[in-house]
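Remarks on the structure that follows.
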Amino acid sequence: MSRRTKIYEGKAKILYEGPEPGTLIQYFKDDATAFNAQKKGTISGKGVINNRISEHVFTRLAHIGIPTHFIRRLNMREQLVRQVDIIPLEVVVRNVAAGSLSKRLGIEEGEPLPHTLIEYYYKDDALGDPLIAEEHIACFNWASQDEMQDISSMAIRINDFMCGMFAAIDIRLIDFKLEFGRIYDGDYSRVILADEISPDGCRLWDMHTGEKLDKDRFRRDLGGEEEAYREVARRLGLLNGEDNGPGEVFDMSHHRSRLRGAPPKK
C-alpha cells in the first residue's frame, strides 16, 4: 500500500484518508479476534472475502432504499466509503437464540425467538461493549429519539431482506451486528448504515446441516474458518474459478476428516 494517512485501526479494518473530502478508504484485514480481543488470530483471505460480501450486501440494501456509507470497491481489500460520525452503538438483530443471548438467559442455542429481537450495546472495548437499554441511549444522548426510530426501522428492514437473501442460498440468518453513523448537510444530519456486513458480524448456519459458516468457527475452535467464509461468498455468487479453485461445495464432514487425519470420503 502507498503511504497515506491512517485515520483509525480497529480489530478487523483500517480506515485511511480518502481521495476526496468526506471519504475514507476502508481496508479489510485478515486479523480475527473474539471475546473482546482476548482471543486473537488470523483467517487467511478473510479480508478479501469480507470486502466482497460486504460490497454485495450493501449494494443490494441500497437497491431497497437503505442509505449506506458504501461508495464502491477499489480493489481486493479496499472500498471507498463516506466518512460518517459513528454512533457509539452496536445494534444486534436476533432471530434465533445463540451466543451471549443463550448464555445470558439460559435459552437453548438454536431456539427460534418468538419475534425478532433488537439489542443495543455501547461501543467501548475497555468496558467490553456492555448491553444497554434505550433509556441509557436517551440519558447519555448517544442518539436522539428520531435517530433511534430510524435505526430500529432500518434494522428490521435489513433483517427482513437479509433473511430472504440468505434463505435463497440455504443459509439461516441467526443474528447479526449493525453500526450506523451520521452524515451532515449543514446543520442537518441523517443516519446511514456504516461499517460492514460479513461472516465476521453475522451468525450464518447451513439450513440443512446446521453447520456454522461464520466467525463462531474461530471463536469455538471448530476449524474450517477459511472454507466457511469462502462458502458463503460462493453461494452468493461472488467467487469464480480464479478466486476459489473449482468452486466445490463446502463439505464440513470432509474438513472434520482432515482434522482427525482420516482419509476423506470419495
Side-chain angles (χ1 to χ4, degrees), residues 1-4 6-19 23-34 37 39-62 68-82 162 165-166 169-171 173 176-179 193-206 211-252 254-255 258:
M1 292 180 292
S2 60
R3 189 178 298 276
R4 53 194 171 180
K6 181 192 294 187
I7 304 298
Y8 171 80
E9 181 167 2
K11 289 173 280 192
K13 294 181 295 297
I14 304 174
L15 295 176
Y16 295 98
E17 188 175 55
T23 67
L24 296 172
I25 293 173
Q26 182 165 256
Y27 175 89
F28 288 76
K29 304 192 291 185
D30 285 349
D31 295 359
T33 63
K39 179 178 181 179
K40 298 180 180 179
T42 59
I43 301 174
S44 179
K46 176 175 77 77
V48 174
I49 295 295
N50 283 354
N51 188 18
R52 294 288 293 276
I53 291 174
S54 195
E55 172 199 18
H56 177 77
V57 176
F58 272 58
T59 300
R60 294 193 64 181
L61 289 174
T68 83
H69 76 159
F70 178 79
I71 299 174
R72 66 179 182 275
R73 182 166 62 90
L74 298 174
N75 52 50
M76 295 288 281
R77 288 186 179 270
E78 296 179 332
Q79 53 185 232
L80 185 67
V81 299
R82 293 177 179 85
M162 287 177 50
M165 180 186 73
F166 283 117
I169 55 174
D170 292 329
I171 292 177
L173 179 60
F176 60 98
K177 174 182 74 72
L178 299 172
E179 294 189 23
L193 180 65
D195 195 46
E196 66 171 302
I197 295 177
S198 74
D200 265 10
C202 302
R203 281 193 173 89
L204 305 169
W205 295 0
D206 183 276
E211 293 286 1
K212 295 174 173 57
L213 303 173
D214 54 66
K215 200 169 75 170
D216 268 352
R217 303 204 69 84
F218 172 77
R219 290 187 188 97
R220 303 183 184 191
D221 296 317
L222 299 175
E225 299 94 342
E226 298 168 31
E227 294 93 335
Y229 278 57
R230 285 201 302 270
E231 176 62 9
V232 174
R234 187 196 67 78
R235 293 194 196 185
L236 288 169
L238 303 178
L239 297 185
N240 55 36
E242 292 180 0
D243 293 317
N244 199 32
E248 296 178 352
V249 174
F250 180 46
D251 184 353
M252 286 307 301
H254 175 93
H255 170 74
R258 286 193 299 154

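- Remark: side-chain polar atoms of Asn50 are not paired, donor with acceptor, to backbone N or O of Ser198 under 3.5 angstrom.
- Separation of atoms OH (Tyr16) and OG1 (Thr23) is listed at 15.0 Å; rounding is to 0.5 Å.
- Salt bridge absent: Lys40 and Asp31 never bring a charged side-chain N and a carboxylate O closer than 4.0 Å.
- Under a 3.5 Å cut-off, the side chain of Ser54 and the backbone N or O of Ile197 do form a donor-acceptor pair.
- Each of Arg73, Gln79, Glu78, Arg77 was compared with Asn75 under the side chain to side chain donor-acceptor pair (under 3.5 Å) criterion, and only Glu78 meets it.
- Under the 4.5 Å side-chain criterion, counting only non-hydrogen atoms from C-beta, Gln26 is in contact with Phe28.
- Ion pairing between Lys13 and Asp195 holds under the 4.0 Å rule for side-chain N and carboxylate O.
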Stepwise side chain to side chain donor-acceptor pair (under 3.5 Å) check, Tyr229 with Asp214 | CA-CA 6 Å; Tyr229 278 57; Asp214 54 66; over 6 Å; no

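- Applying the salt bridge (Lys or Arg N to Asp or Glu O under 4.0 Å) criterion to Glu17, with sequence neighbours excluded, gives no partner residue.
- To the nearest 0.5 angstrom, Phe176 atom CZ is 10.0 Å from Leu204 atom CG.
- One distance of note links CD1 of Ile53 with NE2 of His56; it measures 9.0 Å at 0.5 Å rounding.
- No more than 12 heavy atoms of other residues, nucleotides or ligands sit less than 6.0 Å from atom CZ of Arg72.
- Distance check, rounded to the nearest 0.5 Å: CD1 of Ile49 to NZ of Lys46 gives 11.0 Å.
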CA sep, side-chain torsions, deciding dist, call: Ile14, Lys29, side-chain contact (heavy atoms from CB on, under 4.5 Å) = CA-CA 7 Å; Ile14 304 174; Lys29 304 192 291 185; 3.8 Å; yes

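- Annotation: the span from Leu222 atom CG to Glu211 atom CD amounts to 8.5 Å, rounded to 0.5 Å.
- Judged by distance alone, the side chain of Asp30 and the main-chain N or O of Gly45 form a donor-acceptor pair under 3.5 Å.
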Please test Asp170 against Arg235 for salt bridge (Lys or Arg N to Asp or Glu O under 4.0 Å), starting from the C-alpha separation and ending with a verdict.
-> CA-CA 9 Å; Asp170 292 329; Arg235 293 194 196 185; 5.4 Å; no

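- For the atom pair Ile25 CD1 and Leu15 CG, the distance stands at 10.0 Å (nearest 0.5 Å).
- When only modelled atom types and interatomic distance are considered, Tyr27 and Asn51 share no side-chain donor-acceptor pair under 3.5 Å.
- Residues passing the ring pair (Phe, Tyr, Trp, His ring centres under 6.0 Å) test with Phe58 are His69, sequence neighbours excluded.
- Considering only heavy atoms from C-beta on, Phe218 comes within 4.5 Å of Ile43 through its side chain.
- Using a cut-off of 4.0 Å between Lys/Arg side-chain N and Asp/Glu carboxylate O, Lys212 and Asp206 are scored as not salt-bridged.
- Taking all atoms of both residues into account, the shortest heavy-atom contact from Leu236 to Ile169 is CD2-CD1, 3.5 Å.
- Counting heavy atoms from C-beta outward, Val57 and Met165 have side chains that approach closer than 4.5 Å.
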Between Phe166 and Val232, is a side-chain contact (heavy atoms from CB on, under 4.5 Å) present by the stated rule, with each step listed?
-> CA-CA 9 Å; Phe166 283 117; Val232 174; 4.3 Å; yes

Derivation of the side-chain contact (heavy atoms from CB on, under 4.5 Å) call for Cys202 and Lys177 = CA-CA 6 Å; Cys202 302; Lys177 174 182 74 72; over 6 Å; no

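- For the pair Arg234 (side chain) and Leu239 (backbone), a donor-acceptor distance under 3.5 Å is absent.
- The pair Arg217-Glu227 does not count as a salt bridge, with every side-chain nitrogen at least 4.0 angstrom from each carboxylate oxygen.
- Put simply, the side chain of Phe70 reaches to within 4.5 Å of the side chain of Glu55, judged on heavy atoms.
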